[in-house]
Structures are given as structure tokens and as C-alpha cells.
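Proteins get letters first, then strands, A, B, ... in listed order; numbering begins at 1 in each. Below, each value reflects all heavy atoms present in this structure, side chains not excepted, and no hydrogens, waters or symmetry copies.
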There are 2 protein chains.
Amino acid sequence: MSPQLLKSLRRANHIIERLVEMEAASVSELAEEFDMPLSTMYEYVNTLENINYITKRSDGRYRVSSSFLEIGNQVLRNHNVYDVAEPEIRRLAEQTGEFAGLMIEEDRAGVLVSMKKGEKVKRLQVNRTYPGVKSRLNTTAYGKAILAQFSDEEIREVTDRYGLHPRTENTITEVDPLLEEIDRIREQGYALDDEECFNGMRGVGVSITSKGDDLLAGIAVYGPPNRFRDGPFLEEYPETVQEYADVIQGNLEY
Amino acid sequence: MSPQLLKSLRRANHIIERLVEMEAASVSELAEEFDMPLSTMYEYVNTLENINYITKRSDGRYRVSSSFLEIGNQVLRNHNVYDVAEPEIRRLAEQTGEFAGLMIEEDRAGVLVSMKKGEKVKRLQVNRTYPGVKSRLNTTAYGKAILAQFSDEEIREVTDRYGLHPRTENTITEVDPLLEEIDRIREQGYALDDEECFNGMRGVGVSITSKGDDLLAGIAVYGPPNRFRDGPFLEEYPETVQEYADVIQGNLEY
DNA sequence: GGCGGGATTCGATATTGTCGGAATACGTCT
DNA sequence: AGACGTATTCCGACAATATCGAATCCCGCC
């Protein structure tokens, strides 16, 4: 048993998580849900409301408040890659007309933090793609570009920790092929995603590092195979994305 | 003393808030900061890490994790106004070339949840304007449009609760003028912000309601006085914004 | 190899989170 | 109005658990 973890925090967290799923709930519903005495749940709810993590609607039910959004965005602002990359992501999306995004590494996983849709993008797997979503690094173009910055040793740690569960039939699910792929990425300087994360989505990604900030990130362009093939997919976009990465990288060091 | 509020949750919250400001900190720095025993701070930090609210960087220091961003955006997705309004905000920004945003009401304050910059927008008071920021309802165009949905009685409650502290020299700081202004808004159907929130920023806002969802929101266009004057400010934009609000309102009821 | 500072663990203690039950407020239906 | 059912708050007792000091570990540095 993990020694000394504050039980009330864990409980509070579970309540929040569940409440996100439930969208809204009354105190008694929550007490029911967690099979806790009403009075105890009241103390949690009151406290969570007091610190502004949840908010009471006019019908008396509670929902998770926008503080999470606020804090999340404040944290984003702390990463100076975000400030630097954000306008470039936008320009990249405009120039290519496709989807462009910025991912940062956190706990050896990828967090999508910024995204813009170009004019060619009809609509996205919106459900799956929003700021803050985490994904395994081996599944995406930015992710693989980030992975390529790790040593083989570290990569094995990552795969051991998170596994290599497939997301599509193209996902790389074995370590050795992954390491080969990573080697290729290291050589050519960019990573390709051939429908390995989403069906109908190909992508081109490049990594960005900031030593001083102890930070690892990646940018990528994504689009459908009918537009992402041959020249654009294999030459044009890799070059374009690399140029944007260079700009960002440059601006990072002032 | 507020009876029965869970102390550990409050403390955890303070730690998170402080850690956002500090960007990164070691356990001992935090213990110092809060003047708590090291061992106690360890338990907080370990627990917060365990529930993924903070994350340990490679240098051993901690920072607030992206979970907040993730949860925040999940919550956003729960509001169906967001889904409906988001594309319209984008189109509104494109059509006008100005800044367009969506605000929702929460705890009688305004939360900016979506924003797009049109091509004419050079750069914003970016520091002050990001998803999740709260502002008093009397200070903005969307805010005032939202306020106009409340009864005079309720408006007085709001001002009593949050006060009417000026943000610029144009901010309305007295209740009676505010109520007059709100009356005007109710009649004409839209709200104007003449540099009442930010110097150099005028805006036009309209409210959106969704009875079924017990929800109150507003959209607005913002821009500089040199482009926001006479016709556009007084006639064209109000009409445009109203049209977009109608579309959103319509889509809300399926 | 010894020294020092930070990180981490451990165990005793009392603080505080927990819980049942009582008391109160609120709304609805008859 | 009155009576019921539900939601919410209050209370006191108990035991779990958060807390804290001190001991231990770890690592870089002299």
C-alpha cells in the first residue's frame, strides 16, 4: 500500500472525475454513487464548492467549474513554448490549409496543447482532439518526433510503462519495429504518421527542444490520405513543418 | 469558523494555486513557502502527484500538470452551447476580421470560454484574455448582455456581491447608471462596451439562453475604436452579432 | 572517504475527517 | 393550512488519518 497518501484528496479527485462524466449531480446522487454517508458527501461538496472546483447551478445540482480551464490555461502560459509556438501553429494551419498542432511531453506521454484547423479541414474527430488530451508518444507524428529525442533505453522504459496498444491497424505494436522507425526519424529529421492513430489521418511531425526550460515538444500537420500522399506527404510537408519548427526553436532562445 | 470544511482540500488547493504562480518548485521550497513541516508537504506533493494534479520534472521539481487543461476542456464539452457556438464564433471572427468570443455565466460572473481572432487583430491583451478567465458581468459587452437577462433585483445582488470596481475610466461604477444601461440593452437587444473593460477596445454583445440547459451565455465582437465607430459600432455589428446569436440559439434547440 | 544539504521514511500523537442521527428548512400535494 | 417527503445543516463521539519531529537515506562536493 502506498504509504501516506492523503485519502481525502484522492476521494475529492474521484468525485471530480465522476462529476465530469455525470455532467451534473446533486449531493445525494453523489453520495449514492460513492456509497458514502450523505453528511460526509456534504462536507466534500461544500469544500469543493468553497475552493471553486465545483459550482452549484440554479437547480441545486453541482457541476465542475471553469476553474480547471482557468488553471489549465495559466499553466499553459507558463510554458514559453506555448507563447512562441501558438502563432506559428496558426500560420502553419493557414499555409497548409490542414490541421496543425503542438504537443508537449509530460510524464513521458504526449499532451496536445494547441491546435488550429486550416480551411480544408471539414471537421475533426473533435471528440478525441482537444487541448489537454494525452496520448502515447508512439501513436502520433509529433509523439514519434518527441520519442526520437530519447535514448533507446528511455524509449524502452516508456513502452514498458505505457505499453503499445494499437489505436488503428497501422499502429506500431512491437518495440523493435518502433526503434527502427525511430532511427529512421532521427536520420531524416521528421516523423510520419500513416493512419497509426486515427483512421483517415496522416501526419508529419518534427520535434522542438528547449534545454533551458527542460522541455520537449513537437509540432505536426495532419490531413487525409487523399491530400497527404506522394510529394506533399513525403517531401513538401516535412520541409514546411521543419521550417516552422526552426522558427519556433529560434524564437525560444530569444 | 466555517464549520466542517475539509482542511486538507483547502491546503491542497492553496498549494496548487501557489504552484501555478511559482511555475515550478521543489518540495522544500513549497514547505518553506507554506511554512509547513517538510514531511507533511511530502504527503501533499506525493498525493497530488498520485492523482495527477502535479507532475515531477526531470530536475525533480514539480509543476502543475496538464490535467487541469484536460478536465477544463472536458467540462467545456459538456456545455452544448460550446459545441454549437464554437464554429459560429470562428465564422464571426472571419466575417468581421475582428476578435470574437463566447462567454458563459457561472456563479454570476462571466467566464470567457471561446475566442477567435480575425485577420485585422494584431495582437491582444493576450495576458488578460484566455479561455477560463473570469470577469465581472458589468464590465464587458457579453457580460452586460447576460446581465440584461437578470431581473433588477438579481442585478443588485450581483453588484452587491462583486462590487463595481472600475477597470478603465469608462467602467460603470454606480448601480443606477448600470440599471439604466441595462434597460437600454433590454430595449435595443444588444450591449455596447465603450472601452469599459480594456482601453482601446470597444465591443458589441448579445445574449444567448438555453432554458433546458439552464444556461446563460453571450457572444461579442471586439475591436479598436478607430474601426468600431459610427455605422459599424452602432448598426452593422449589432445586427451581425445578433444574427449569429440567432443561429446559435436556433441550433441549441435542435 | 568524509561532510553537508536535500529528499525520503517512520512512528507516536492528537487533530480532523468520518458517520449516524437529530434538527431544520424547503416544497409539494391533499 | 397541514402533513408529508426531500434536501440540507448541525452536532457529538469515535477512530481513522493527517501531522510532525526525528531518524535515515541519498548524492554531490570538498
Side-chain angles (χ1 to χ4, degrees), chain A residues 1-19 22-65 107 153-154 157 211 214, chain B residues 1-19 22-65 107-108 151 153-154 157 211 214:
Chain A
M1 187 86 300
S2 319
Q4 307 304 61
L5 287 187
L6 305 199
K7 197 170 166 190
S8 44
L9 290 198
R10 314 265 306 260
R11 281 179 132 181
N13 179 46
H14 289 140
I15 293 172
I16 295 287
E17 282 179 346
R18 191 74 190 90
L19 194 51
M22 297 169 76
E23 297 202 13
S26 66
V27 181
S28 31
E29 285 170 321
L30 284 171
E32 169 85 8
E33 191 71 22
F34 286 92
D35 183 37
M36 277 166 70
L38 254 178
S39 52
T40 304
M41 186 54 83
Y42 265 98
E43 312 200 60
Y44 276 90
V45 167
N46 286 334
T47 310
L48 287 171
E49 185 184 17
N50 181 272
I51 63 179
N52 252 306
Y53 278 21
I54 66 178
T55 180
K56 194 186 217 160
R57 307 191 313 180
S58 57
D59 64 358
R61 294 158 60 98
Y62 290 86
R63 60 168 55 198
V64 178
S65 89
D107 289 327
E153 191 49 44
E154 289 171 313
E157 282 172 30
K211 302 279 182 227
D214 163 55
Chain B
M1 189 87 305
S2 319
Q4 304 306 62
L5 286 188
L6 305 199
K7 199 171 164 188
S8 44
L9 291 198
R10 315 265 306 260
R11 281 179 132 181
N13 179 47
H14 288 139
I15 293 171
I16 294 287
E17 282 179 346
R18 192 72 190 92
L19 193 51
M22 297 169 76
E23 299 202 11
S26 66
V27 180
S28 31
E29 286 171 320
L30 284 170
E32 169 85 9
E33 191 71 23
F34 285 93
D35 184 38
M36 276 165 70
L38 254 178
S39 49
T40 305
M41 188 53 83
Y42 264 97
E43 314 204 53
Y44 276 91
V45 168
N46 287 332
T47 309
L48 287 172
E49 186 185 16
N50 181 271
I51 63 179
N52 254 305
Y53 278 22
I54 67 179
T55 181
K56 194 186 217 159
R57 306 191 314 179
S58 56
D59 64 357
R61 293 156 60 94
Y62 291 86
R63 62 168 56 196
V64 178
S65 89
D107 289 326
R108 306 275 148 118
S151 70
E153 190 49 43
E154 290 171 312
E157 282 173 29
K211 301 280 183 228
D214 162 57

Visitor: For B/Asn46 and C/dA7, give me the distance from atom CG to atom C1', rounded to whole Å.
Guide: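 B/Asn46 atom CG is separated from C/dA7 atom C1' by 10 Å.
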Visitor: What is the distance, rounded to the nearest whole Å, between atom CE of A/Met36 and atom P of C/dT18?
Guide: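 Distance check: A/Met36 CE to C/dT18 P gives 6 Å.
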Visitor: How close or far is atom P of D/dA7 from atom CG of A/Leu30, stated in whole angstroms?
Guide: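 It is 12 Å, rounded to the nearest whole Å.
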Visitor: Apply side chain to side chain donor-acceptor pair (under 3.5 Å) to the pair B/Asp107 and A/Thr55, showing each step before the final yes or no.
Guide: CA-CA 7 Å; B/Asp107 289 326; A/Thr55 180; 2.7 Å; yes
Visitor: For the atom pair CD1 (A/Ile54) and CD1 (A/Ile15), what is the distance rounded to the nearest 0.5 Å?
Guide: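 Separation between the atoms: 8.0 Å.
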Visitor: Measure the distance from CD on A/Glu43 to C1' on D/dT9 and round it to the nearest whole Å.
Guide: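 Interatomic distance, CD of A/Glu43 to C1' of D/dT9: 10 Å.
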Visitor: Which heavy atom of A/Arg61 sits nearest to which heavy atom of A/Ser26, and what is that distance?
Guide: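 Scanning both residues, the minimum pair turns out to be CG-N, 4.0 Å.
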Visitor: For DNA chain D, whose closest nucleotide is more 5', that of A/Leu9 or that of A/Ser26?
Guide: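 Its nearest nucleotide lies further toward 5', so the answer is A/Ser26.
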Visitor: Can you give the donor-acceptor pairs under 3.5 Å from side chains of residues 32-39 of chain A to other protein atoms, not counting sequence neighbours?
Guide:
from	atom 1	to	atom 2	distance (Å)
A/Glu33	OE2	A/Arg18	NE	2.6
A/Glu33	OE2	A/Arg18	NH2	2.9

Visitor: Choosing from C/dG6, C/dC19, C/dG17, which nucleotide comes nearest the side chain of B/Ser28?
Guide: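 Nucleotide nearest to B/Ser28's side chain: C/dG6.
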Visitor: Would you kindly give the CG-to-C1' distance between B/Leu38 and D/dA18, to the nearest whole Å?
Guide: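 Interatomic distance, CG of B/Leu38 to C1' of D/dA18: 16 Å.
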Visitor: For C/dT18, take OP1 and OP2 only and decide whether either is under 4.0 Å from a side-chain N or O of A/Arg11.
Guide: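 Indeed, a polar side-chain atom of A/Arg11 lies that close.
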Visitor: Among C/dT8, D/dG21, C/dT18, which nucleotide sits nearest the side chain of B/Ser39?
Guide: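 When the side chain of B/Ser39 is considered, D/dG21 is the closest of C/dT8, D/dG21, C/dT18.
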Visitor: Flag the pair B/Val45 / B/Lys56 as yes when at least one side-chain heavy-atom distance between them is below 4.5 Å, and no otherwise.
Guide: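 With C-beta onward as the side chain, the pair stays apart.
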Visitor: Taking OP1 and OP2 of D/dT9, is either one under 4.0 Å from a side-chain nitrogen or oxygen of A/Tyr42?
Guide: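 So the side-chain polar atoms of A/Tyr42 never come under 4.0 Å of the phosphate oxygens OP1 or OP2 of D/dT9.
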Visitor: Give me, pair by pair, the N or O atoms of the protein and of nucleotides 14-16 of chain C that are less than 3.5 Å apart, along with how far apart they are.
Guide:
from	atom 1	to	atom 2	distance (Å)
C/dT16	OP1	B/Lys7	NZ	2.3

Visitor: Without swapping roles, check the side chain of A/Thr47 against the backbone of B/Leu6 for a donor-acceptor pair under 3.5 Å.
Guide: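 Between the backbone of B/Leu6 and the side chain of A/Thr47 there is a qualifying donor-acceptor contact (under 3.5 Å).
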